Structure formats: C-alpha cells, structure tokens
Engineer: 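There's a structure below that I have some questions on.
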Amino acid sequence: MINKKIVLKFPPSLVDQPIICKLVKDFDLEFNILKAYVTPDEEGLLVIELKGKDKNYNEGIEYLKSKGIIIQTLKQRIMKNDEKCVHCGVCISVCPTKALLMDIDTMKVEFIEDDCIACEHCILACPVGAMEATF
Amino acid sequence: MGKTIQEINEKIKSGKAVVVTAEEMIEIVRKKGESRAVKEVDVVTTGTFGPMCSSGAYFNIGPRKPTIKIGGGKCYLNDVPAYAGYAALDVLIGATALPEDDPKNKYYPGRFRYGGGHVIEDLVAGKDVHLKVEAYGTDCYPGKELDEFINIKNLRNAILYNPRNSYQNYNVAVNLSDKVIYTYLGVLRPRMGNANYSSAGQLSPLLNDPFYKTIGIGTRIFLGGGVGYISWYGTQHNPDVERTERGVPKRPAGTIAVIGDLKQMSPEYLKGASITGYGASLYVGMGIPIPILDEEMAFYTSVSDVDIYAPVVDYSRAYPQGTGEIIKEVTYKELRSGEIKICGKGIPTGSLASYYMARKIANELKKWIEEGKFLLTEPVERLPGWEKEVKIIR
C-alpha cells in the first residue's frame, strides 16, 4: 500500500478532462484533494493525497505522466515571519541552498523562497521563531 | 588639543554636537586622519544586539492585602520560576530560567520555547503575566498564596539588571565531530559545515574603546530601548588577553554589568530567545556613546572589521573540554563576507548577534544625542584594564 502527498501540474489542454476520476475507476486509487488551483489559459495545480496498492499506484502515476502531467512530491513550504526576524543571520550558515542571504547594504536577512528545499534546518536554528513551516 | 566631556555636553545642549556612528567614523578617520576627526566629531555611537544569557529583571509587585512575604517562598511568572530569596515583595527573574515541566534536553535537541527571557519580553511588551506565589505565612505577613495577573504598569518598580553583557570579543564556533551539535552559538553542522559568531564587530561598544578610556562604571548608555547605566565591570571581565597592535583584544575580554528602568524599555530591543538544544535567553540591545576627547579616541573608534580578530574554536571538543585550543584567527570582515577559509575549505558563516539591529541602535542613540535628550557622563570609577600603557601603532 502506498500513501503519498503529491503535486500535479496540468498543462492547459488537460484542465477540462476528468483525470482524477480515471485514477479512481481504472486504478482503484483513493484520493483526497488538499489544494486545487486552475485558471483559464494557465496550468492547473492540484495537491492530492493518493492512496492504493503499490501496483495500482505506480500504474496510475504512469498514466498521469503519459498524459503530460508533471508530478512532484509535496514539499513543505517555509515562510519567514518578518515581524519576528531580528536579522541576526544565524540561519544563513545552516541553509544548504543559499535560500537565506544577508543583504550587505541593509544587513537584513532575505529569504528566496524559490531556492528553498524545505529541509527545515533554519527552523531549528532561528532563536526567535521567525522561520515557519506550512503545507 | 583635547576636549572635555563637559564641553561636549555643552555642545549637545545647544544642538551643535557632531555625532556619528562607529561605522561612519571609520571613513571619516580614513579620509581626514585623527587630528581633523577630533576637531570635527564630538561623539561616536556604538551598538550591539545579541543573546546575552547573563540578563535578568527584578521588580517589586507592590503591597497586597493581606500582606504576603514572597521571600523564602516560591514564585512563578507564566510558570517560569523566579528567585524568591529577597524581601517581602521583591522578585528576580533570570533570562535562562525554564518552567519546571519543560522537557529541556530530554527530547534532544530541546526547543526551550518559553523561558525567563520571554517573560521579560512579555512584561516589557505590556502583556499581562501570570504570577503564582506560595508563601509560608508569618504574624506580620499572613498571606500564603497569590494567583493573579500582573502588568508592568502596575508594578511598583521594574528594573533590568544584567551581570554580564556586551562581551568585547567572542569565539567563532565550529564543529569538528561527525554529528550535528547544538550550542549557545547555534546549530553546528559536522566536519566544519558552518561557523557561527556573535559580535557586532566594528560597531560593538567595547571594541571601540578597547582600554576602557571613556567607558566606565556610571556611564550612561542605551539599554533595551531606554536609558541605562554601567553598574560595574561584568563577571568574567578579563582585560589581560592577547591584543593586536591597535590594542584590540583577540579573545573574549572585557564585559560590563548594566542596569536600567525596565518600564522605559521596548520589546523591540529586548527579545526572548530559544536556542535549540541549549536553552532560553534574552536578546539585549545596547549602545554606548564614546566622547572623542583626543586623537587617541578618534583612532580607537575608527577600528574596522578588518582590524578585529576572533578565535575559531571547536565546540565539539576544545570548548567543552576546556583545552584552550584555537584552530585559527579570522577577522570580522571575513566572517561578515559569509565565508571563512580553513585549510582551503570554504565554511559558511552565520552570526547570532544582529548587525542590522546594532546599526539601528547606534543610529537611535545618535538621534537622542543630536536632539539633546541624552548627555554623556564621566565614569565614576574605571573598569579594570583602563590603566594599560598604550602605544598607538598606525
């Protein structure tokens, strides 16, 4: 049995197709939608928890890929609370991807969310609880 | 051609004093030299903002009916134990105190989310704080318990008192072992994965007056957003460490004990800290003005991060075992660049003290002096180490 939280990115051409319905009927998978976001002319984004037998799960994933859907495992989202941050910079030395940087002019800590891999090292390092994890 | 503190104060009162921060002074002295700097600058302001565990607050809760004597009993503030060994209504809370039910490092590494430092921050922020007292009762103080909320505005007195703050220099911590360690200098990754330090360097008060020529007992300072005073030399004050040719200590050296009215202070400059695997603490913001009395003081206050060296110490072995071994000396300029090099390996650096806040404090103090709200003081008594013979090498 596999139970995973995954992020699906749909190309615009697939947004109107009953993809998830197929996962249930053809592959006997259970799903729980955590987040869904679709805009016309843009890709759709769906965060789901998908559960089923290993074989079914893998076949279901293959089916999604064959349709051109991009699949990623769900990462936690890390946020920096600017009201709490004192800009000490102790988070910078533990960040493996340099997503936390010191702006050498302002001497303030900047967080580049796109570079964050949600390892959470900064959360343990921050003395004032300014780094927070959300889903 | 020297100046006196009295003369500088006259200029401050008439709004004519020239005040610059320790950061700005570096350029002024570099461009114009010490003799012109003395003529042009009257005061240099410094600042520092870092976790300072040797901090605490004491207060008097005011009279109660029936009377109660906390002294000799037990006292808790938001479940954090406070010291109850004084008279009837005086209580002391230290920054590192923890609730009795805090798991501490039992679930390693502990998170220490709320301790004495957080109580002090909450008090300063004007939040109601839960007070619980168990007393034994006497004929003159029959009361045996209190269970109520207190607020700083209703306390008779509230005073911040810190036995050791504003370390003149400090270690840079690395970890040579194969596992992550959790220290008061932060999380240290194995095999020198990072290097952490904690000093405002060129903005730091005692590094701008390395022989305590103007900073002494009685000096009026910026403390936690309010006005405070240096009450004594700090515990562990040690002026007799190795110094550079400029007289700047290369090891942790001088410290000061400070005191001030907590009621005037602000939570922006007093912040509870939770140091993973280590404990609770208090971020303290402090700034000290340095009168530019002569060329010597102009020279000292022009110190920059390239002139200040700190020792790199292994916190997995050398520090806990007290071996005194030092891996290397690095400058604050290197530390501030984001990476130091040890044996060819680039090691990312992080600071526990906030340079941003140190700069903000130096600027705030500068504003106070420019507005004539803050006058300088002559030390009442000197800090040990001030009598050192100094030969300035430029």
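Bear in mind that the values here come from a model prediction, so they are computed numbers and not experimental data. The chains referred to below are lettered A, B, ... by the order of the sequence lines, with proteins before strands, and numbering in each begins at 1.
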Engineer: Anything under 3.5 Å between a donor and an acceptor, one on a side chain of residues 57-67 of chain A, the other on a protein residue two or more places apart or in another chain? List them.
Structural biologist:
unit_1, atom_1, unit_2, atom_2, d
A:Asn58, ND2, A:Asp54, O, 3.2
A:Glu59, OE2, A:Lys55, NZ, 3.3
A:Ser66, OG, A:Tyr63, O, 2.6

Engineer: So, are B:Lys360 and B:Glu268 salt-bridged, with charged N and O less than 4.0 Å apart?
Structural biologist: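 Answer for the salt bridge query: yes.
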Engineer: Among B:Lys271, B:Glu339, B:Arg359, single out the residue with the greatest number of heavy-atom pairs under 4.5 Å to chain A.
Structural biologist: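 If we count pairs closer than 4.5 Å to chain A, B:Arg359 comes out on top.
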Engineer: Tell me if a side-chain donor or acceptor on B:Lys104 pairs with a main-chain N or O of B:Gly279 at a distance below 3.5 Å.
Structural biologist: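 Answer holds: no.
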Engineer: Can you confirm whether B:Lys345 is buried at NZ, in the sense that more than 12 heavy atoms of other residues, nucleotides or ligands lie under 6.0 Å from that atom?
Structural biologist: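 Yes, enclosed.
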Engineer: When you check the gap from the basic side-chain N to the acidic O, do A:Glu132 and A:Lys84 get nearer than 4.0 Å?
Structural biologist: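 Here A:Glu132 pairs with A:Lys84 in a salt bridge, since their nearest N and O are under 4.0 Å apart.
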Engineer: Check each atom of A:Cys126 against the heavy atoms of chain B and say whether the ones under 4.5 Å are side chain, backbone, both or neither.
Structural biologist: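 For A:Cys126, the backbone is the part near chain B, not the side chain.
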Engineer: Do B:Asp314 and B:Ile327 touch side chain to side chain, with heavy atoms closer than 4.5 Å?
Structural biologist: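 Side chain of B:Asp314 against side chain of B:Ile327, heavy atoms only: contact under 4.5 Å found.
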Engineer: List in chain and number order the residues that pass salt bridge (Lys or Arg N to Asp or Glu O under 4.0 Å) with B:Lys127, two or more places apart in sequence or in another chain; answer none if no residue qualifies.
Structural biologist: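 Salt bridge (Lys or Arg N to Asp or Glu O under 4.0 Å) list for B:Lys127, sorted by chain: B:Asp122.
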Engineer: Could you name the residues of residues 168-179 of chain B that have a heavy atom within less than 4.5 Å of a heavy atom in chain A?
Structural biologist: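 Within residues 168-179 of chain B, no residue comes under 4.5 Å of chain A, counting heavy atoms only.
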Engineer: For B:Leu98 and B:Ala280, which heavy atoms make the closest approach, and how far apart are they?
Structural biologist: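 Nearest pair, atom of B:Leu98 first, then B:Ala280: CD2-CB, 3.9 Å.
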Engineer: Side chain, backbone, both or neither: which part of B:Tyr197 has a heavy atom under 4.5 Å from chain A?
Structural biologist: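 It is neither, since no heavy atom gets under 4.5 Å.
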Engineer: In terms of heavy-atom proximity below 4.5 Å to chain A, should B:Ser274 be classed as side chain, backbone, both, or neither?
Structural biologist: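 Contact with chain A: backbone and side chain both.
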Engineer: Could you go through A:Phe31 and A:Val24, starting from their C-alpha distance and side-chain angles, then the distance that decides it, and tell me whether this counts as side chain to side chain contact (heavy atoms under 4.5 Å, CB included)?
Structural biologist: CA-CA 8 Å; A:Phe31 71 93; A:Val24 179; 3.5 Å; yes
Engineer: Salt-bridge test for A:Glu49 and A:Lys4: reply yes if a basic N is under 4.0 Å from a carboxylate O, no otherwise.
Structural biologist: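 No salt bridge links A:Glu49 with A:Lys4.
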Engineer: Does the side chain of B:Tyr184 pick up a donor-acceptor pair with the side chain of B:Tyr319 at under 3.5 Å?
Structural biologist: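 B:Tyr319 and B:Tyr184 do have a side-chain donor-acceptor pair below 3.5 Å.
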Engineer: Can you list the steps and then say if B:Met286 with B:Asn165 is a side chain to side chain contact (heavy atoms under 4.5 Å, CB included)?
Structural biologist: CA-CA 9 Å; B:Met286 197 186 304; B:Asn165 278 181; 3.4 Å; yes
Engineer: Heavy-atom pairs under 4.5 Å with chain B: which of A:Cys95, A:Pro127, A:Pro96 has the most?
Structural biologist: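 Heavy-atom pair counts peak at A:Pro127.
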Engineer: Would you please go through residues 107-114 of chain B and name the residues with a non-hydrogen atom below 4.5 Å from one of chain A, in numerical order?
Structural biologist: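 Only B:Arg111 of residues 107-114 of chain B have a heavy atom under 4.5 Å from chain A.
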Engineer: When heavy-atom pairs shorter than 4.5 Å are enumerated against chain A, which of B:Val180, B:Asn196, B:Ile347 gives the highest number?
Structural biologist: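 That would be B:Asn196.
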Engineer: Examine whether an atom of A:Lys98 lies under 4.5 Å from a heavy atom of chain B, and if so say whether it belongs to the side chain, the backbone or both; otherwise answer neither.
Structural biologist: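 No part of A:Lys98 comes within 4.5 Å of chain B.
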Engineer: Can you spot which of B:Tyr355, B:Tyr356, B:Tyr283 makes a ring-ring contact (aromatic ring centres under 6.0 Å, His included) with B:Phe49?
Structural biologist: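 Single ring-ring contact (aromatic ring centres under 6.0 Å, His included) partner of B:Phe49 among B:Tyr355, B:Tyr356, B:Tyr283: B:Tyr283.
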